[in-house]
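Data first, discussion second: the structure below is written as structure tokens.
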2 protein chains.
Amino acid sequence: MRLVIARCAVDYQGRLSAHLPLAVRLLMVKADGCVCVHADSGAYKPLNWMTAPNVLVEEPGPAEGLLSRWTVTNPKGERLTIDIEEVLLDVDEPLGIGPGLVKDGVEAHLQELLAGDPTVLEAGLVLIRREHATDIGPVDLLCRAADGHTVVVEVKRRGDIDGVDQLGRYLGRLQLDSRLHPLRGVLVAQQIAPQAKVLCQARGYAWVEVDYDLLRGARLPDLTLF
Amino acid sequence: MRLVIARCAVDYQGRLSAHLPLAVRLLMVKADGCVCVHADSGAYKPLNWMTAPNVLVEEPGPAEGLLSRWTVTNPKGERLTIDIEEVLLDVDEPLGIGPGLVKDGVEAHLQELLAGDPTVLEAGLVLIRREHATDIGPVDLLCRAADGHTVVVEVKRRGDIDGVDQLGRYLGRLQLDSRLHPLRGVLVAQQIAPQAKVLCQARGYAWVEVDYDLLRGARLPDLTLF
DNA sequence: TATTACATGTCGACC
DNA sequence: GGTCGACGTGTAATA
């Protein structure tokens, strides 16, 4: 990884146009070719960048008082131009390839907990199948309610308006299968946006906000005693 | 900005759990306190990070063979732990506050241009209101067509299938207001995905692909002469 | 502060 | 290569 701290101006032409006036920035060039321009604030997104694959050309500055110019181009026709006036630091240190990041997410776990006990959502609810396949994607949970309804459950960490649409698409798809009639839909999330609730209301879908920690605790009651 | 290249292991506990095994990484500490852990590949997202505001505590490693431990915590209860075994580089260079990034060509600009002259979408189209409020979000452009239709315009930089859904939501919502009848919908973008066009077709929505540069040029014809 | 929609989103999975 | 869904999404603007 090459790290350069320099007084520079940056231009990007591609999906949009962006210009960064002259100032001191960090230029980061990764081993895979990715170039990032960072300021000393604003986590964690760089001001400008160019992802791999790309080509970086470094040449003497074309104008007076310009030390050098970096031109980074990619096959999509995007272009990043960095005009350097002064270099304060320039180091190149190989990092090598490190082992990957190991994640333990909440979303999948939430679905798992609900599959284990759907009655959290509605009394008497019984799981038919998890990740029930349809030709427009898998339904998170397919359940049977006490009143005989088939219930389509869409699980999200955060329930936004697009999650309501997703639920609607599954309902529309499963509606075609008369064996599943009558059909109902539920949006489940730790937090549901007001607009998503309005849309659920309008379309006749139910929604449930669940507390992840509480839910996890409910399945491990022995651990909550002391 | 402080830049440290070190052999280290990283743990994150917060919205999820993540562990990064021992390897050489770049640690970036910005003036506002943001901490990022970068590998030598992968644009531009860090492997781990902690956004400001936060507190960074640096202390001697608690175990044998451990040089030091950084603990970064924030008010939300998230925690980033960096165990450092070897430091290959450690520099601290003030960058100062630079001028901001200037962007051109984002959705807002496109919307602005279209609001200024809706006839590029359809002859005779007149703007009623920009950002017309509904309880499921603002309609980008609400227009009146020559044939008396009210036209709902959804503007995107890139038209994807979710943009068609968004247009559909607004149409469904405004359909409830008989004063706006009859109603039509148009999806506008610089580029529209094939599937989005298919969905528009199926639902009876119109779509228009516009050239941003051309559009901008059309409003400034005198500037394009030479 | 909370709510919302945009983002040069990025990234992975699947087709 | 395109589409789709998730992300510790981040980020800015707005109410």
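Residue numbers begin at 1 in each chain, while the letters A, B, ... track the order of the sequences.
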Of the nucleotides [options], which one has an atom closest to the side chain of [X]?
X: B:E78; options: C:dT8, C:dC6, D:dG8; result: D:dG8
X: B:W49; options: D:dG10, C:dT3, C:dT10; result: D:dG10
X: A:K156; options: D:dT3, D:dA6, C:dA5; result: D:dA6
X: B:Q195; options: D:dG8, C:dT8, D:dC4; result: D:dC4
X: B:E154; options: C:dA5, D:dT3, C:dC6; result: C:dC6

Can you name the nearest heavy-atom pair linking [X] to [Y], along with the distance?
X: A:C34; Y: B:A43; answer: SG-CB, 3.2 Å
X: B:M1; Y: A:A39; answer: CE-O, 3.1 Å
X: A:R130; Y: A:L141; answer: CG-CD2, 3.5 Å

Determine yes or no for a side-chain-to-main-chain donor-acceptor pair under 3.5 angstrom, with A:N48 supplying the side chain and A:V37 the backbone.
no
Taking B:E209 as the fixed residue, which of B:K197, B:K156, B:R158 is the one that meets the salt bridge (Lys or Arg N to Asp or Glu O under 4.0 Å) rule?
B:K197
Can you list, in residue-number order, the parts of residues 9-34 of chain B that come under 4.0 Å of DNA chain C, counting heavy atoms only?
none
Pairwise P distance, C:dT8 and D:dA6 [rounded to whole Å]:
22 Å
Expressed as a whole number of Å, how far does the P atom of D:dC4 sit from that of D:dG8?
22 Å
Classify the ring geometry between A:Y44 and B:Y44 as parallel (under 30°), tilted (30 to 60°) or perpendicular (over 60°).
tilted
Under 4.0 Å between a side-chain nitrogen and a carboxylate oxygen: does that hold for A:R169 and A:E154?
no
Between B:K30 and B:D32, does at least one N-O distance fall below 4.0 Å, as a salt bridge requires?
no
Take the protein atom [atom1] of [X] and the nucleotide atom [atom2] of [N], then report the distance between them rounded to whole Å.
X: B:E107; N: D:dA12; atom1: CD; atom2: P; value: 17 Å
X: B:K45; N: C:dT8; atom1: NZ; atom2: P; value: 16 Å
X: A:H109; N: D:dA6; atom1: NE2; atom2: P; value: 18 Å
X: B:D162; N: D:dG2; atom1: CG; atom2: C1'; value: 14 Å
X: B:L167; N: C:dA5; atom1: CG; atom2: C1'; value: 16 Å
X: B:R158; N: C:dT8; atom1: CZ; atom2: C1'; value: 13 Å
X: B:Y44; N: C:dA7; atom1: OH; atom2: P; value: 12 Å
X: B:M50; N: D:dG8; atom1: CE; atom2: P; value: 14 Å

Please work out if [X] contacts a base, only the sugar-phosphate, or nothing of the nucleic acid, heavy-atom cut-off 4.0 Å.
X: B:G137; value: sugar-phosphate
X: B:I136; value: sugar-phosphate
X: B:N48; value: base
X: A:I161; value: nothing
X: A:R79; value: nothing

Among residues at least two apart in sequence or on other chains, which ones pass salt bridge (charged side-chain N to carboxylate O under 4.0 Å, His left out) with A:R79?
none
Residue met sooner reading DNA chain D from 5', once A:D160 and A:V155 are mapped to nucleotides
A:V155
Any chance you could lay out the side-chain contact (heavy atoms from CB on, under 4.5 Å) test for B:V153 and B:D140, step after step, and finish with the verdict?
CA-CA 6 Å; B:V153 181; B:D140 287 337; 5.6 Å; no
OP1 or OP2 of D:dA6 versus the side-chain N and O atoms of A:Q166: is any pair under 4.0 Å?
yes
Close N/O contacts between protein and nucleotides 12-15 of chain C (under 3.5 Å):
none

Residue met sooner reading DNA chain C from 5', once A:Q191 and B:A43 are mapped to nucleotides:
A:Q191
Ring centroid separation A:Y212 to A:H109 under 6.0 Å:
yes
